[in-house]
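Inspection log for the structure reproduced underneath, given as structure tokens.
Labels below follow one simple rule: chain letters A, B, ... track the order of the sequence lines, proteins then strands, and each chain is numbered from 1.
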Amino acid sequence: MQDGSRFDAAGRQALIGGHPIIGEAKPGFILEEFGAGRLTCMDDFLSTVQSCRQLMTQGEVATALAGLRAGLRFGQPEPFEYDLAGQLLGEIGAVVPAPAAFPTYRVGLVADHTTTTLANAIRCALLMEGLLPVVYEAPFGAVFQEILDRHSGLYREPRDAVLMAFHHRMIEYPEQPLGGAVPAEELAARVVGRWAEAWAALQQNLGCQVWQHTLVPSGLAGLGAVEQSLPAAPDQFIGRINQLSRERAPAFVHWVDTASLAQQVGFRNWHDPRMYYYGKFGFNPQYVRDYINVFLGAFRAATGRNRKVLITDLDNTLWGGVVGDAGLEEIKLGPGTPEGEAHEAFCRYLKSLKERGVMLAVCSKNDAATAREVFERHPHMPLRLADFSAFCCNWSDKAGNVLQMAKELNIGHTHLAFVDDNPAECELIRRELPEVAVVALPEDPADFVAAIDEAHLFDAAHVSSEDLLRAQSYRAREQAEDVKRSAGSLEAYLADLRMVGKFFRASAADVPRLAQMELKTNQFNVTTRRYNADQIRAFLQDDHMAVFACTLADRFANHGLVSTLIARRAGQDLVLDSWLMSCRVFSRTLEQFMMNALIEFAQKNGITRIVGDYLPTSKNAVVQDLFSSLGFQPLGPKASGRWVRNIRDDPPLPTSVRNDAT
Amino acid sequence: MFGAVTRTKGEMPVDTQLFLASLAGILKVLPGSIKGEDQLDQCASWDSLAVVTFLTMANSKFGVRVSPPAVIRCKTVADLMRLVAKP
């Protein structure tokens, strides 16, 4: 046998970054831009892994990672191939510094069962998000020893997150079937209490996020349905632990809901006793792809990377048939045919997403008036035109339309999901806009809902009232853009919006929304220092800190809480520790409105200077001139990013936002 | 040494080339470089994780549910092949 380092690719085609690799190219499988050239990837994932292994041995790490990422995202890896890709990533992460295009993400993995396949799955998932995973696997079964011992391997280097995973076989159960000396409730509280100690230790020692699998029940019911009325019965007990732990978990704990996943695929499928008895593997690796989807849903939600907009096709997607050909009466939608019922159910599912804060948009090759009519007149169409934040029907190519929509909604490609029944349109979006998530719908409309739901693109860490306002707000933004186009000048446009703002000291009730903004806001974020809910609560109690929030409404919508500013008093200075604003309300002079209010606050509290920092990142260039535009002067060399504004009796900064005096 | 395999499991024919290519991936060796008589204990990458990956591969690629002890008993590549071809 030959090992990987002696691969000879002579005579094969050059495919990735111009490097020779094993296998044949399929023209048209251009998947992702990388570096100077376009990266091509094969449709055979196994060959992709082998080629990337070879590239790695040649020192072409960035190209290998880009190839593997493209293969994982757009190929259809077999379950066992995730293991192979994960192993390769483990080797890469162990030996190289991260290439600039792939920031390192360090995860600690602690479990009471074998983590090898789990670690590989997590590596694949993180690479799919554009990160180079470095996964530390704690010794088998040493969960609490690793977490509670400050000298353990877990603490040898910083971690971005720690994943805790427990197996139902390792839980201490109450006496069966009715419970014994220790009641089930007390025992469940004891389990969760130990977890809470672990969470606190991780937070104290690493200050990182904690992810945890929900406990998967066995799925066994010895006495049948009656087990469900016995609190001490194993699966009832597991359910109670899950419920209790969710109630007790602090904000930095995020749940990877393996229990729901196992329920979906079937407990008998999820638990593979062969694997458990052979090597104490926690779940059947056949379901690794489903696991990665659930894991990524939780990861994106915890890190503000979840998709915010669902862009949908119309014909053969929201209804069966082509409305332009068949006419309103003949499309399949609603009762009467199986397809019609399935399409109506799909529309209702989209509506439920919209009600949960996901924005809907239409991108269809259609006559706009004909398409609109379905939403206005069809008796079984549950969606209305007002449910869409953007509605684009024309005959131009869809990639261009999606691009334009992203621009008008002022939202990054990484927050978009594109849904279409036409594989060619899906392929076009994958090729032209590789960061947009694409869901190619299956043939049968009865499977549409599952295709979207199982992708976990819209998982949220929590839901705030602002989430529910967002769609309305973006729609308002579209309408506002229309006003902008018709108004003669920017001032006239802003005045016509009739904006009303309210700047105030935040209270405990605002904390969930503030924490959500801290997590999600990348563009208007001057320092990109991120604080979780517990930290913000601590600021609220601190006499030297002031946490401000700002709401905005205009004639189209109430945008809710859209900006937060955290400041620290240092002598007679007020130092802006963090200032961020939702991208929905950029460039509306809200920043001037807030600064005027902040100056007023400073004057009342004996502050003589306001000091602000701009710490550049790859995403916050939009605020690089913020402080100079607000009358600040550089403090020290401009490159230091520190700015100062003396508090004098200067006139207020011009703003189109009126103060809400209520 | 492997001829075309005609035995099937359900609807899925066992494809020799596909099997060898998949096993090469698991063993991290060049596709085409492994032969039936190759001894598994001579391959450094044939370890406990490779066994798990093989079980997953047998199931997803060939629709065969193999038991870990049966895989561990295999001495050669050909033995593994027979496991997957086994009705």
Side-chain angles (χ1 to χ4, degrees), chain A residues 1-10 12 21-23 44-54 56-57 76-88 90-91 114-121 137 269 272-289, chain B residues 1 12 15-78 80-81 83-84:
Chain A
M1 293 187 198
Q2 290 176 274
D3 67 33
S5 63
R6 284 181 276 121
F7 277 174
D8 175 12
R12 307 291 179 139
I21 61 169
I22 310 296
D44 172 4
F45 185 73
L46 193 56
S47 304
T48 304
V49 174
Q50 288 165 332
S51 305
C52 291
R53 178 172 290 284
Q54 188 195 12
M56 193 189 96
T57 63
Q76 292 290 320
E78 295 275 347
F80 80 99
E81 291 170 333
Y82 287 100
D83 241 352
L84 306 183
Q87 288 171 41
L88 178 59
E91 293 166 33
T114 304
T115 53
T116 325
T117 50
L118 180 62
N120 286 333
E137 292 178 73
N269 295 319
D272 187 339
R274 284 178 317 160
M275 295 297 192
Y276 188 79
Y277 295 129
Y278 168 61
K280 300 291 179 288
F281 290 96
F283 65 92
N284 184 346
Q286 294 297 334
Y287 296 96
V288 64
R289 193 180 302 158
Chain B
M1 68 167 280
M12 194 178 291
D15 178 326
T16 305
Q17 293 308 314
L18 181 66
F19 175 82
L20 291 176
S22 302
L23 186 60
I26 295 172
L27 299 178
K28 305 186 184 82
V29 299
L30 182 69
S33 74
I34 52 174
K35 303 183 294 297
E37 60 267 32
D38 283 339
Q39 297 288 317
L40 294 169
D41 61 6
Q42 298 297 305
C43 178
S45 50
W46 182 246
D47 56 13
S48 58
L49 178 60
V51 170
V52 171
T53 311
F54 179 84
L55 293 169
T56 313
M57 184 271 279
N59 202 344
S60 65
K61 273 248 192 274
F62 299 97
V64 179
R65 188 177 152 91
V66 185
S67 78
V71 177
I72 294 164
R73 278 195 296 271
C74 291
K75 303 284 185 208
T76 65
V77 168
L80 290 176
M81 178 78 176
L83 267 188
V84 172

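The CZ atom of A:R53 sits 12.5 Å away from the CG atom of B:L30 when rounded to the nearest 0.5 Å. Note that the CD atom of A:Q286 and the CZ atom of B:R65 stand 9.5 Å from one another [nearest 0.5 Å]. Atom CG in B:L23 sits 9.5 Å away from atom CZ in A:F80 (nearest 0.5 Å). Here CG of B:L55 is found 8.5 Å from CG of A:D272. Values are rounded to the nearest 0.5 Å. Interatomic distance, CG of B:L49 versus CD of A:Q87, reported as 4.5 Å (0.5 Å rounding). Interatomic distance, B:M57 CE to A:D83 CG, rounded to the nearest 0.5 Å: 12.0 Å.
If you measure heavy-atom distances from B:S22 to chain A, the contacts under 4.5 Å come from both the backbone and the side chain. For chain B, no part of A:Y277 is nearby; none of its heavy atoms comes within less than 4.5 Å. Only the side chain of A:N120 comes within less than 4.5 Å of a heavy atom of chain B; its backbone N, CA, C and O stay farther away.
Counting only heavy atoms from C-beta outward, the side chains of A:Y278 and B:S48 approach each other to under 4.5 Å. Between A:T114 and B:V52, the closest side-chain pair of non-hydrogen atoms is not below 4.5 Å.
In terms of heavy-atom proximity, B:A21 sits nearest to A:Q50 at O-NE2, 4.3 Å. Of all non-hydrogen atoms in B:I26 and A:L84, the two that sit nearest each other are CA-CD2, 3.7 Å.
Remark: the backbone N or O of B:V66 is paired with a side-chain donor or acceptor of A:R274 at under 3.5 angstrom.
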side-chain contact (heavy atoms from CB on, under 4.5 Å) assessment of B:T56 paired with A:M275: CA-CA 10 Å; B:T56 313; A:M275 295 297 192; 4.1 Å; yes
